[in-house]
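The block underneath contains the structure these notes are about, expressed in structure tokens.
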Amino acid sequence: MKRFYIEKAGEFVGKEVTIKGWLYNKRDSGKVKFLLLRDGTGIMQAVMVKGEVENGVFECFNSLTQESSLIVTGKVREDKRSPGGYELSIKGIEIVQLAQSYPITPKEHGVGFLMDYRHLWLRSKRQHAIMRIRAEIIQACQDYLNTNGFTLIDAPIFTPSACEGTTTLFGVDYFGKKAYLTQSGQLYNEAAAMAFGKVYCFGPAFRAEKAKTRRHLTEFWQVEPEMAYARLEETIEVCEELLLFILKRVLERRREELKRLERDISFLEGIRPPFPRISYDEALQILKERGIELEWGEDFGAPHETALSQKFDTPFFVHRYPAQCKAFYMKRDGEAPHLALCVDGLAPEGYGEIIGGGEREDDLETLKERLEEYNLPEEAFQWYLDLRRFGSVPHAGFGLGIERTVAWICGLSHVREAIPFPRMLDRIRP
RNA sequence: UCCCCGGUAGCUCAAUGGUAGAGCGGGUGGCUGUUAACCACUAGGUUGGCGGUUCGAGUCCGUCCCGGGGAGCCA
């Protein structure tokens, strides 16, 4: 017989099953006692009435504490009075461990307290829903890329040098030498793209930014596709397809979780392509119309991104930023060399940037000049320059931030809930 | 790093410079359908640390620590 899981309770009506799980909560009314059991897939109410179960089983109810681990057997029934519509009539209870007094109660708590107990907080309904959606989004990224000709080529976590300047890197001791935790797999992705054509890497990135906002983690995950011979417009197409694929997948498979988070599902369902593509110059114009002045050449700050993302009901792309505010490897626009052939993908509803990417500089001499302009040591980038010496081609790619995407799709107010164990300025525990 | 707000029972929060309190959680008892159940009783405090003002400080001042919100930068 199939193993029973609470989320599949409907397939077991009338059958006797075993739930291996934990006590989420309990209630009683004298001779009727209710256990709310969770097994990792969902929560199900179990009930027992005095006289209808063995006395020992009935009496053990009083000793049960929140989050005690239990193995409960009984028969599955449909019952409208039960949350979820299905209920277990208890036959037997085996106590695996009686939990000590559990710190997280069914009442309200502050974020600081909950973050201190992140290892336990993950058991709560809301966090459970977020993590299942996160897993679905990650799988959707991989499914989309794997079925569209991309090969997964992992990039290293230890790196000998910076790819976007050294100020935001975490340094580590590497057998007496200085190494850094990667802030992006991109440079290695470019090498991989020259070998495999279309590639992607998926993994954590580390940025030692002293940023204390709802959108920053010092350790975050990203998926980074890179494509040989791709230009900016094609890259934006891939960004759009990937986002649509993710949305469709989550709406198909994680609808219950979205409901639990009280996400506005109809908003997500209403998202249709094509997503607007606006240039940096057009974005400045939009901001101006809204009374927000920004000098040309300045990068967008949080208020600018928020204002822009409130204008659209879908994700949208801002392309061709001033080259001066972008990284050294960005290719310049041949027709307007003061612009970089780059793109940011922004989520609507005030969420802002979730994607950053663009074309990479493919000319050896130009790239050498850039390294000098940006004060980067050329010798550390010899391997990277090799990619321009041996069969250089136009190429482009982008990075999609997982936590920011999760935060947007789930409607979270802070990315810290979008990752199991967030690492932030001033928080590295648990 | 800067600006703003906060730190009181396990948790969420009250308390004019004058006797530290409530709800939840814990414990005990009651209730045959509960839905963050309900009812009764009960235990629980160095008011973040240090220093100062005052007859008297949870409350005012200084400083440090911790948390929350925001900014610069970014996925």
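Letters go in sequence order (proteins before strands), and every chain restarts at 1. Bear in mind that the values here come from a model prediction, so they are computed numbers and not experimental data.
Nucleic acid contact for A:Pro83: base, since at least one base atom lies under 4.0 Å from a heavy atom of the residue. Residue contacts shown for A:Thr405 are absent, as no nucleic acid heavy atom lies under 4.0 Å away. Counting any heavy atom pair closer than 4.0 Å across all strands shown, A:Ile402 reaches no nucleic acid atom. When heavy atoms are screened at a 4.0 angstrom cut-off, A:Gln45 is found touching base atoms of the nucleic acid. Counting any heavy atom pair closer than 4.0 Å across all strands shown, A:Glu52 reaches no nucleic acid atom. Counting any heavy atom pair closer than 4.0 Å across all strands shown, A:Thr105 reaches sugar-phosphate atoms only and no base atom. When heavy atoms are screened at a 4.0 angstrom cut-off, A:His109 is found touching the sugar-phosphate backbone but no base atom. Within 4.0 Å (heavy atoms only), A:Gly51 reaches no atom of the nucleic acid at all. Backbone-only contact: A:Gly401 has heavy atoms under 4.0 Å from sugar-phosphate atoms and none from a base.
Separating the P atom of B:A14 from that of B:A9 is a span of 12 Å, rounded to the nearest Å. To the nearest whole angstrom, the two C1' atoms, one in B:U59 and one in B:G17, are 7 Å apart. Taking atom C1' in both B:G58 and B:G18, the straight-line distance is 13 Å, to the nearest Å. Taking atom C1' on both B:G23 and B:A36, the two are 13 Å apart, rounded to the nearest angstrom. For the C1' atom pair drawn from B:G44 and B:G6, the interatomic distance equals 25 Å after rounding to whole Å. Straight-line distance between the P atoms of B:G26 and B:G10: roughly 15 Å, to the nearest whole Å. For B:G49 and B:G7, the C1' atoms lie 12 Å apart once the distance is rounded to whole Å. Rounded to the nearest Å, the gap between the C1' atom of B:C60 and that of B:C74 is 42 Å.
Using modelled atom types, one finds no donor on one side chain facing an acceptor on the other under 3.5 Å when comparing A:Glu226 with A:Gln186.
Here B:G33 is the nucleotide among B:G33, B:A36, B:G68 with the atom lying nearest to any side-chain atom of A:Glu87. Closest approach to the A:Glu209 side chain among B:A75, B:U1, B:G26 is made by B:A75 (side chain taken as heavy atoms from C-beta onward). Comparing B:G33, B:A75, B:G26 against the side chain of A:Ser101 picks out B:G26 as the nearest. Considering only side-chain atoms of A:Arg427, the nucleotide from B:C74, B:G67, B:A75 that sits closest is B:G67. The side chain of A:Lys31 lies closest to B:U32, out of B:A75, B:G72, B:U32. In the set B:U32, B:A75, B:G33, B:G33 carries the atom at the smallest distance from any side-chain atom of A:Arg81. Closest to the side chain of A:Asp299, out of B:A75, B:C74, B:U32, is B:C74.
Look at B:A22: its Watson-Crick or wobble partner, with both distances under 3.5 angstrom, is B:U12. Across all strands shown, B:C41 forms a Watson-Crick or G-U wobble pair, both distances under 3.5 Å, with B:G27. When Watson-Crick and G-U wobble pairs are counted only if both distances are under 3.5 Å, B:A36 pairs with no nucleotide at all. Across all strands shown, B:G58 remains unpaired; no Watson-Crick or G-U wobble contact has both distances below 3.5 Å. Base pairing analysis places B:U1 opposite B:A71; the two distances defining the Watson-Crick or G-U wobble pair are each below 3.5 Å.
The CZ atom of A:Arg427 sits 8.5 Å away from atom CZ of A:Arg416, with the distance rounded to the nearest 0.5 Å. Atom CD1 of residue A:Ile133 and atom CZ of residue A:Arg253 lie 13.5 Å apart, to the nearest 0.5 angstrom. Between atom CG of residue A:Asp333 and atom OH of residue A:Tyr321 there is a gap of 15.0 Å, rounded to the nearest 0.5 Å.
One atom, CG of A:Asp116, and another, C1' of B:G7, lie 13 Å apart when rounded to the nearest Å. At whole-Å resolution of the value, CD in A:Gln183 and P in B:C73 are 16 Å apart. We find that CG of A:Leu114 is positioned 13 Å from C1' of B:G67, with the value rounded to whole Å. Rounded to whole angstrom, the span from the NE2 atom of A:His216 across to the C1' atom of B:C74 amounts to 4 Å. When the C1' atom of B:G10 is taken as reference, atom CZ of A:Phe113 falls 7 Å away, rounded to whole Å. Nucleotide B:G33 holds its C1' atom 15 Å from the CG atom of A:Asn25, rounded to whole Å. Atom-to-atom, CG of A:Asp28 to C1' of B:U28 comes out at 13 Å; the value is rounded to the nearest Å. Distance CZ (A:Phe300) to P (B:G72): 13 Å, rounded to an integer number of Å.
Ion pairing of A:Arg81 with A:Glu87 is absent here, as no side-chain N (NZ or NE/NH1/NH2) approaches a carboxylate O to less than 4.0 Å.
Remark: the A:Glu298 side chain and the B:G72 base include no donor-acceptor N/O pair separated by less than 3.5 Å.
Tested against A:Arg277 for a side-chain hydrogen bond (donor to acceptor under 3.5 Å, both in side chains), the candidates A:Glu282, A:Glu233, A:Glu240 yield a single pass: A:Glu240.
Within the cation-pi definition used here (under 6.0 Å to the ring centroid, within 45° of the axis), A:Lys26 qualifies as a partner of A:Phe61.
For the pair A:Ser82/A:Arg77, no side-chain contact is recorded, criterion being any heavy-atom separation below 4.5 Å from C-beta on. Contact of the A:Trp221 side chain with the A:Arg134 side chain is registered, since non-hydrogen atoms from C-beta on lie closer than 4.5 Å.
Residue A:Arg416 places at least one side-chain N or O closer than 4.0 Å to OP1 or OP2 of B:G69.
For the pair A:Asp79 and A:Ile354, nearest-nucleotide mapping onto RNA chain B gives the more 5' position to A:Asp79. Summary of the strand contacts: A:Lys326 and A:Phe34 both lie near RNA chain B, and taking for each the nucleotide with the nearest heavy atom, the more 5' one is attributed to A:Phe34.
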